[in-house]
Amino acid sequence: MDLESAKKPFYNLMMFPYPSAEGLHVGNMYAFTAADIYGRFKMMQGFDVFEPIGLDGFGIHSENFALKIGRHPMEHAKITEKNFYAQLHKVGNMYDWSKTVETYDPDYYRWTQWIFVQMYKAGLAYRATSKVNWCPKCKTVLADEQVIDGKCERCSTETIKKALEQWFFRITKYAQRLLDNLEGLDWSEKVKISQRNWIGRSEGVILNFKATNPKSQNESISVFTTRPDTVHGATFVAVATQASSLKSQASKEKIGKFTGRYVLNPATGNKIPVWRVNYVDESYGTGAIMGVPAHDTRDREFANKYGIDIVEMEPDEKWWKRAEEEGWGKRETHYHLRDWLISRQRYWGPPIPMIKCPKCDWQPVAEDQLPVLLPEIDDYQPEGEGKGPLAKHKEFYETKCPKCGGVAVRETDVSDTFLDSAWYFLRYPSVGKDSVAWDKELTKKWLPVDMYTGGPEHSNLHLLYTRFLTMALKDMGHLDFEEPFKRFFAHGMLIKDGAKMSKSKGNVINPDEYIEKYGVDAVRMYLMFLGPVDQGGDFRDTGMEGMTRFIRRLAKIPVGEDKPALERGLHRLVKKVGEDIERRHYNTAISAIMEFVNSVFEVGGLGKDQAGVVWRLMAPMAPYLAEEMWERLGGEFSVHQQRWPEYDPKLILEEKATVVVQVNSRVREKLVVDKETDAKTVEQLALASDKVKKYVEGKKYRVVFVPGKILNLVIDA
RNA sequence: GCCGGGGUGGUGGAAUGGUUUACACGUACGACUCAAAAUCGUAUGGACGCAAGUCCAUGAGGGUUCGACUCCCUCUCCCGGCACCA
């Protein structure tokens, strides 16, 4: 399809996979099939559907794997790319293979770096010292997701926090907008709630606890609280422990030490002690809290342990007001969202395009000098000491200052993988345009994305980063929309025989084997038949056999004269399948087709036109079979270019209806009558039946009647 | 702890106020076959019963309603996410 001339653009995007060496996971195929069916359906409805695919092959996941098997990440990327694309060609999706994106391709990361420069120029990228997760054994920085219960994901060593100077993106500046915009998005409530929690807005008050000695005001302590209405119960103030002292987030035990100081409770004027405790996070709020044992369970636990006073009280709204009026409190809104840490002391990522000059400080690399190529080096293993492998390569980092031309050094850290994937959807339509990150006209035409399909596990990080970046780029004038995905559909998880698939259990399905054995259409159909895609499904080999049987049966349908007896059923099927695909309930669309096919065999076959309708209904789900059957009917190529069939609403209506006759809400009889038959007539018919008569004879009853559905004779006790 | 999602036959699931268990898997029996596979047919929630039939059943308990898998309340278990969130 020609993207420039398309009339009714529909951008059908699925989250691109990161290519593991094991190859395409059946879970990928599950998600991609679900997305592809929707895209093919939209195409048959007359949309120009753009459905691209690519690889998220830069970053720590791929790098770790390469390290593990001792292969150079660059070489590894080439191998996995070949395998992945070969596999992706086999899953029956209508990808636009002329527009692929690989995040490790210099033609791509050139623009990832360009975005970094734009962020820097806009004041949204800054440097700060931050504590990162550090594994002493692997000597490397770990991402938060790689730390599980305080331990390194790879070697189970207890991780520590290490202070390093890093690059950050100022996502917190957009916290409120990220929150507000959620309202207007056609996303599942689940994902929206997850984002709201992640952003974690809380409204509270900064309260000032004055020092006991009025002269030493610098010994006052400010705390942040969302519950100033409990301030009169505060019997201590707790401040965070020093970073140096042990603070493992795994430990549930409350530990503290009295500082020897006292402050005054602003509400009561009481003198209360100041403690250092391990359960206060120094990076949130003011790094100090008021301890209210009567109201907060953690504070109570702590007070009990150290014998601190507990003043029982009830929350009192008046303190909100008095705090402000009397000047010892100030309303503030806080967010739990943290700025996005971009730096990675690793090899396999885009070098951050910044240069440090002794005279001019940090300068961005000139845009016409991008990309800063990632050099092919042999010592790519992370070694620690807070620096990435590139820091060992003079030929890489020695450069000149873009501003003064003096001797300067490049940044040797690379950027986070999440940055690679935070803008790829902008690139797809513009692949091949070498002079811009994205073409203005194409972007106007194709974006934002109409339908985005992917895993719910990306609700917080990936989806928040893309939204943030899109907003920032809009504010800089590079885009004219601020929400990247109009609709987001989260698929569920595919399991095998009731258990999560994992390498250690050895129950991971390789889609290639199944495609080889059963054919891609049968695998697609089976995956979609398991249940609603948003709920996930349980893959069982016996079920796979069943679907194969169905497909064989389909191919055997005798086609001849139209069967009038099937006409109504066919129109109903068109309605049902269309509606089910629209809401991504492919499982019930398939059952409906199965039911129809069962009825086809009852009447001994299908008319040619009728068959044509069925094959078109099946085209999105079973693209090859539908094509073949369509061709056999003599239909013009291709079935996928045909219009989605229409149904006649009048033909769907039955003139007969089954009315269920109940006595005291228990089913006693079923009557087939004209749809419009009135209550009296149905009642007469019902009473003529012995099954009803024996329950109501000689008794008084009242009648509940729903035309065409229910006649309930209620004998009141 | 908080926030989501869920609990329906032997299994995956269907049904969003009106015949619970669609569709499929599995199982049993039968047909075809020398035999097996494949295919086709029949049956298949539970209890009692020769049968007609009756009663019970959508995690547990209660409520609303002529009628509840569906709506409301309480509880419970499973799955997922977040978490010393001040």
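All chains are named by letter (A, B, ...) in the order of the sequence lines, taking the proteins before the strands, and each is independently numbered beginning at 1.
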Which part of the nucleic acid, if any, lies within reach of [X] when heavy atoms closer than 4.0 Å are counted: base, sugar-phosphate only, or nothing?
X: Pro532(A); answer: sugar-phosphate
X: Asn598(A); answer: sugar-phosphate
X: Arg196(A); answer: nothing
X: Tyr586(A); answer: nothing
X: Lys190(A); answer: sugar-phosphate
X: Asn197(A); answer: sugar-phosphate
X: Gln662(A); answer: base
X: Arg300(A); answer: nothing
X: Gly200(A); answer: nothing
X: Phe529(A); answer: base

Supply the atom-to-atom distance Leu461(A) CG to Phe418(A) CZ, rounded to the nearest 0.5 angstrom.
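Leu461(A) CG to Phe418(A) CZ: 4.5 Å, rounded to 0.5 Å.
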Do Tyr284(A) and Ser202(A) have side-chain N/O donor and acceptor atoms under 3.5 Å apart?
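Side-chain D/A pair, Tyr284(A) to Ser202(A): present.
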Would Tyr701(A) and Glu683(A) count as having a side-chain donor-acceptor pair, cut-off 3.5 Å?
->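 There is such a pair (donor and acceptor under 3.5 Å, judged by atom type) between the side chains of Tyr701(A) and Glu683(A).
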What's the closest nucleotide to the side chain of [X] if the choices are [options]?
X: Ile193(A); options: C66(B), C3(B), A15(B); value: C3(B)
X: Val280(A); options: C84(B), A86(B), C23(B); value: A86(B)
X: Lys691(A); options: C66(B), U19(B), G53(B); value: G53(B)

So what's [N] paired with, Watson-Crick or G-U wobble, going by both distances under 3.5 Å?
N: A51(B); answer: none
N: U58(B); answer: none
N: U16(B); answer: none
N: A24(B); answer: U11(B)

In whole Å, what is the span from the [atom1] atom of [X] to the [atom2] atom of [N]?
X: Tyr279(A); N: A83(B); atom1: OH; atom2: C1'; result: 16 Å
X: Leu711(A); N: C66(B); atom1: CG; atom2: P; result: 16 Å
X: Glu189(A); N: G5(B); atom1: CD; atom2: C1'; result: 13 Å
X: Asp296(A); N: G1(B); atom1: CG; atom2: P; result: 15 Å
X: Arg338(A); N: C82(B); atom1: CZ; atom2: P; result: 15 Å
X: Arg666(A); N: U20(B); atom1: CZ; atom2: P; result: 10 Å
X: Ile590(A); N: G13(B); atom1: CD1; atom2: C1'; result: 13 Å
X: Arg668(A); N: U54(B); atom1: CZ; atom2: C1'; result: 8 Å

**Request:** Flag yes if more than 12 heavy atoms outside Glu332(A) fall under 6.0 Å of its CD atom; otherwise flag no.
**Result:**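 Counting neighbours around CD of Glu332(A), more than 12 heavy atoms of other residues, nucleotides or ligands fall under 6.0 Å, so yes.
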Can you confirm whether Glu312(A) is buried at CD, in the sense that more than 12 heavy atoms of other residues, nucleotides or ligands lie under 6.0 Å from that atom?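 Enclosed: over 12 neighbouring heavy atoms sit under 6.0 Å from CD of Glu312(A).
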Worksheet item: Does Arg553(A) make a cation-pi contact with Phe601(A), if we ask for NZ or CZ under 6.0 Å from the ring centre and within 45° of the axis?
Response: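 Ring-cation test returns yes.
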Less than 4.0 angstrom between a side-chain N/O of [X] and OP1 or OP2 of [N], yes or no?
X: Arg552(A); N: U39(B); value: yes
X: Asn587(A); N: C23(B); value: no
X: Arg549(A); N: G26(B); value: yes

With under 30° as parallel and over 60° as perpendicular, where do the rings of Tyr306(A) and Phe302(A) fit, or are they tilted in between?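 Answer is tilted, since the angle falls between 30° and 60°.
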>> Taking only the P atom of each, what is the distance from G62(B) to G53(B) in whole angstrom?
In response: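 Nearest-Å result for G62(B) against G53(B) at atom P: 31 Å.
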